[in-house]
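Have a look at the structure below before the remarks.
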Amino acid sequence: MSEHGGPDLPQRRLLVTDVPGPNSIQLNERRRAAVSSALGAAVPVFVDRAGGGVVIDVDGNSLIDLGSGIAVTSVGNSAPHVVAGIRDQSERLIHTCFMVAGYEAYLEVCEQLNDLTPGDHDKRTALFNSGAEAVENAVKVARSATGRAAVVAVEHAYHGRTSLAMALTAKNRPYKHSFGPLPGDIHRVPNSYPLRDGLTGAEAAARSIRRMEAEIGGENIAAIVIEPIQGEGGFIVPASGFLPELSRWARDNGIVFIADEVQTGFCRTGEWFASEHDGVVPDLVAMAKGLAGGMPLSAVTGRADLMNAAHLGGLGGTYGGNPVACAAALGAIATMKELDLNARARHLENLMRSRLGVLADECDIVAEVRGRGAMIAIEFAEPGTLEPVEGLVPRVAKRCAQAGVIVLTAGTYGNVIRLLPPLVIDDELLIEGLDVLSESVKEEVGR
Ligand code: PLZ
């Protein structure tokens, strides 16, 4: 294993052509002719290899990766233990369908997740393919266990693109627009958004609880689904006390508290799960992304009495918990432990906060730098107001890409830049990426 825990690619930013270069341009032409135009792309390049903190495109440009494929390759791309797990497993067995016949790797992943998720109560796990599928299955479990129908999600939430998951998602475009009718009995209440509501955690929780009591009734609610730190919503960290109060109220009312840790899980925030920062023990945890180092795998882990409540055959799917994806997950989890990626995430937080703090001091268009661990975002607002800055963020992201740095955007109002570097990125490379980002912001706002 190389120093940064990935394949031996030079860890540097290097542009040998414009971005996109001629090979990417050619592939983009084929893309237009063959792929649905409804799929977006954050950067206009096609990728050949990636590892550590770099992505190498088909023109030989080496870009600094501050996105990890949306918080997925936390252990780095093609991380050695992940590759070894995939190789060994795929040479022995690629598929049985767990509902047809079992294999040990599935059990090992479930055992690990029962151990790693918050709380030391009796737990069970079921495996699926995507984050959306995990969320949907968590809701199925909660409805089946409670015999209730209503499900509550919060403002700015993101839970996926499948039918139920998109109904739980707050933002209309691009997620819900024109795709209705949406499933019923989904209710939305305010979240805690300290920058914009100025409330303490207790005040924000009281506001949300009052809404649920008045408009739905605690006894009708099967589940509250919430991201402990909102991802697509713009890395909104709730005020301290909000989540504990919400989960206490859920418990008192027999409501299943589902933490959607799809984006926040697996060391991303400096803990195995972001719920731990608030001392919250969710009834069910939905996981995906970082879990399997880039292979499609998701999971729901939670209280045994809930997870065992649905009837035999009620949960499943052809590919869920595929052996190769499970082997990748075991390799990814081993890497997180071996390299202490929780500590690494906290270290990266310090680097990002100190660099972006300087930018915030220099640019009054920066409303807030926030997040936890290696999940840090900048929200932009018109100076002296909270009015979201329009159009800036895509231009900054484009400028960064052209300068060889991949950054992602977020936020209900599209005014957030978010950083999700691989946790194994070299310090110097991250700092260089942050400097390019800072310069791009300054150039865009004309300073
Ligand atoms: N829950 C908290 O962040 C996925 C979405 C990218 P899937 N976030 C990236 C896009 O535009 O489609 C996500 C998440 C949270 C659920 C999901 C859904 O996970 O694996 O994309 O289904």
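Computed from heavy atoms alone, side chains included, the values below leave out hydrogens, waters and symmetry copies. Every number for a ligand or one of its atoms is a count from 1 in the order of the listing.
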Where ligand 1 meets Asp260 - atom numbers and elements under 4.0 angstrom, heavy-atom basis: 1 (N), 2 (C), 15 (C), 16 (C)

Contacts of type ring-ring contact (aromatic ring centres under 6.0 Å, His included), residue His121, not counting sequence neighbours: none

Atom 21 (O) of ligand 1 protein-contacted, heavy-atom criterion under 4.0 angstrom: no

Any Gly231 heavy atom less than 4.0 Å to ligand 1: no

Test item: side-chain donor near acceptor, Thr162 and Glu133, under 3.5 Å: no

Nitrogen or oxygen atoms of Glu133 and ligand 1 under 3.5 Å apart: no

Short N-O contact, Glu245 and Arg248, less than 4.0 angstrom: yes

Heavy atom of the protein closest to atom 12 (O) of ligand 1 (residue, atom name, distance): Arg161 NE, 2.7 Å

For atom 6 (C) of ligand 1, closest protein heavy-atom neighbour: Ile70 CD1, 3.6 Å

salt_bridge(Asp197, Arg207) N-O dist < 4.0 Å: yes

Atom CG of Asn350 with >12 non-hydrogen neighbours under 6.0 angstrom: yes

Residues Glu215 and Arg210 bridged, charged N to O under 4.0 Å: no

Distance-only N or O hit between ligand 1 and Ala132, under 3.5 Å: yes

Test side chain to side chain contact (heavy atoms under 4.5 Å, CB included) applied to Asp305 - qualifying residues, sequence neighbours left out: Arg303

Atom 13 (C) of ligand 1: the protein heavy-atom neighbour that sits closest, reported with distance to 0.1 Å: Tyr158 CE2, 3.5 Å

4.0 Å heavy-atom contact, Lys289 with ligand 1: yes

Gly131 N/O under 3.5 Å from ligand 1 N/O: yes

Atom 3 (O) of ligand 1: nearest protein contact (heavy atom, Å): Gln263 NE2, 2.7 Å

